Amino acid sequence: MNTPHHPQGVGLGLRRALMPALIAQRPKEIRWMEVSPENYVRRGGAMRRGLDALRPDYPLVTHGLTLSLGGDDPLDAGYLAEVRGFVREVGSPWHSDHLCLSAHDGAVLHDLLPIPHTPARARRVAENLLRARDALGVPMAVENISYYARPGRDAMTESDFLHAVLSQGDAGLLLDVNNVYVNACNHGFDPEAFIAALPLERVVQIHVAGHHVEPDGLRIDTHGAPVPDPVYALLAFTLRRTGPVPVLLERDQDIPPLEVLLAELRALQSLWDEATAVSRRAA
């Protein structure tokens with residue numbers, strides 16, 4: 001078992017297309033990496049060999065895709081046992097997954113679907129977070145998702161819902177500022193006011209990414225473009241309030257050459273250094 005190492009600064013999501021260049025170059029611009037257990041448990045081959053080659057050089061943090069914390073199905077005990085072994089092996093200080101529905105009646109939906117913001121659903125998610133924490137043996141964090149429609153009528157605001165989930169589930173928040181920005185543009189709310197209303201003391205990690213804009217202005221969370229300027233600004237706003245929380249750059253499609261991503265990481269790290277210095281002076 002690896003000893004957990006808490007990440008600092010700006011990291012990169014590990015993707016198959018990047019592995020050859022990463023193994024060859026071991027770039028110092030990458031302070032840490034995020035990995036999804038679903039890509040490695042029950043698997044060997046090139047992906048696993050690549051991860052094993054990179055593990056000595058970078059702290060790793062695990063981020064799941066299929067817990068379905070907001071669903072009605074019971075958590076999969078077999079899956080949790082496998083993730084526990086992987087989390088311990090790579091030394092992740094916490095494990096995160098999405099605040100969503102991603103499975104129903106035993107079928108994986110291969111999507112991250114929004115859930116109703118109600119007290120009953122908040123309790124359900126919190127119970128799942130506590131079960132997952134106990135099963136995995138590390139703290140849990142939950143990520144806010146992007147959404148394009150709401151399932152029925154909400155009884156709580158998203159901010160109040162997150163407060164309830166995190167306090168009852170004793171969990172951290174993986175705050176995706178790109179998701180906040182996409183939702184704010186699509187649904188007409190102030191992203192800074194939304195973030196300011198969150199329990200920022202529970203933020204353990206931040207995600208940033210790029211997105212696609214349709215001709216009619218609809219924004220789609222693709223992780224397939226550079227981080228746009230408004231998301232940079234929202235990240236700086238957030239870091240000045242959270243302090244030195246680790247930031248992760250996600251790029252899942254239209255992945256450019258590694259040198260292009262490293263330039264983006266340098267820009268993000270410069271922003272991180274400046275914004276967190278401001279937060280320290282204000283403390």
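None of the values given here were measured: they were computed from a predicted structure. In what follows, residues are counted from 1 in the order of the sequence shown.
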>> Between His163 (side chain only) and Ala197 (backbone N and O only), is there a donor and an acceptor less than 3.5 Å apart?
In response: yes
> Under the side-chain hydrogen bond (donor to acceptor under 3.5 Å, both in side chains) test, which residues partner Ser167, sequence neighbours left out?
Replying inline: none
> Does any N or O in the side chain of Thr157 come within less than 3.5 Å of the main-chain N or O of Asp160, such that one atom is a donor and the other an acceptor?
Replying inline: yes
>> My understanding is that a hydrophobic cluster links ILVMFWY residues whose side chain heavy atoms are under 4.5 Å apart, including indirect links. Using that, what else belongs to the cluster containing Val260?
In response: none
> Counting N and O atoms only, with roles assigned by atom type, does the side chain of Asn144 sit under 3.5 Å from a partner on the main chain of Asp176, one being a donor and the other an acceptor?
Replying inline: yes
>> Between the side chains of Arg121 and Asp72, is the shortest nitrogen-to-carboxylate-oxygen separation below 4.0 Å, so that they form an ion pair?
In response: yes
>> Once ring pair (Phe, Tyr, Trp, His ring centres under 6.0 Å) is applied, what residue pairs with a partner in residues 37-60 remain, sequence neighbours excluded?
In response: Tyr40-Phe86
>> Would you say Glu34 and His207 are linked by a side-chain donor-acceptor pair, where the criterion is simply a distance under 3.5 Å?
In response: yes
> What residues form a side-chain hydrogen bond (donor to acceptor under 3.5 Å, both in side chains) with Ser68, not counting sequence neighbours?
Replying inline: none
>> Has Asp252 got a side-chain atom pairing as donor or acceptor with His223's backbone, closer than 3.5 angstrom?
In response: no
>> Whether the side chain of Trp94 engages the backbone of Thr62 through a donor-acceptor N/O pair (distance < 3.5 Å, no angle test) should be reported.
In response: no
> Under 3.5 Å, side chain of Arg88 to main-chain N/O of Val90, donor-acceptor pair present?
Replying inline: no
> Which atoms form the tightest heavy-atom contact between Pro228 and Gly210, and what is the distance?
Replying inline: CD-CA, 4.0 Å
>> The criterion is side-chain contact (heavy atoms from CB on, under 4.5 Å); which residues satisfy it with Glu214, sequence neighbours excluded?
In response: His212, Asp216, Leu218, Ile220
> With distance as the sole test, does Arg241 use its side chain to make a donor-acceptor pair with the main-chain N or O of Phe237 at under 3.5 Å?
Replying inline: yes
> Within the distance-only criterion (no hydrogens, no angle test), does the side chain of Trp272 pair as donor or acceptor with the backbone N or O of Val10 below 3.5 angstrom?
Replying inline: no
> Any salt bridge (Lys or Arg N to Asp or Glu O under 4.0 Å) pairs touching residues 264-275, not counting sequence neighbours?
Replying inline: Glu29-Arg266
>> With salt bridge (Lys or Arg N to Asp or Glu O under 4.0 Å) as the rule and sequence neighbours excluded, what pairs involving residues 164-174 come up?
In response: Arg133-Asp170
> Can you list every pair that meets salt bridge (Lys or Arg N to Asp or Glu O under 4.0 Å) and has a residue in residues 195-205, with sequence neighbours left out?
Replying inline: none
> How many angstroms lie between atom OH of Tyr181 and atom CG of Leu235, to the nearest 0.5 angstrom?
Replying inline: 14.0 Å
>> Does anything in residues 111-150 form a ring pair (Phe, Tyr, Trp, His ring centres under 6.0 Å)? List the pairs, not counting sequence neighbours.
In response: His117-Phe161, Tyr147-His187
>> Suppose we screen for side-chain hydrogen bond (donor to acceptor under 3.5 Å, both in side chains). Which residues come up paired with Arg31, at least two apart in sequence or across chains?
In response: none
> How would you list, by chain and number, every residue that makes a salt bridge (Lys or Arg N to Asp or Glu O under 4.0 Å) with Arg26, sequence neighbours excluded?
Replying inline: Asp57
> Hey, is the main chain of Gly71 close enough, under 3.5 Å, to the side chain of Arg124 for a donor-acceptor pair?
Replying inline: yes
>> Assess whether a salt bridge exists between Arg55 and Asp52, defined as any Lys/Arg side-chain N lying under 4.0 Å from an Asp/Glu carboxylate O.
In response: yes
>> On a heavy-atom basis, which atom in Leu174 and which in Ile206 lie closest, and how many Å separate them?
In response: CD2-C, 4.4 Å
> Using a distance-only test with no angle check, is there a side-chain donor-acceptor pair under 3.5 angstrom linking Thr66 and Glu38?
Replying inline: yes
>> So which atom in Leu136 and which in Leu80 form the shortest heavy-atom distance, rounded to 0.1 Å?
In response: CD2-O, 3.3 Å
> Does Val83 share a hydrophobic cluster with Leu65, counting links as ILVMFWY side-chain heavy atoms below 4.5 Å and allowing steps through other members?
Replying inline: no
> Could you state the interatomic distance from CD (Gln253) to OG1 (Thr222), rounded to the nearest 0.5 Å?
Replying inline: 5.0 Å
> Which atom names give the shortest non-hydrogen contact between Leu67 and Tyr79, and what distance separates them?
Replying inline: CD2-CE2, 3.6 Å
>> Once side-chain hydrogen bond (donor to acceptor under 3.5 Å, both in side chains) is applied, do any residues pair with Asn178, and if so which ones, sequence neighbours excluded?
In response: His211, Asp221
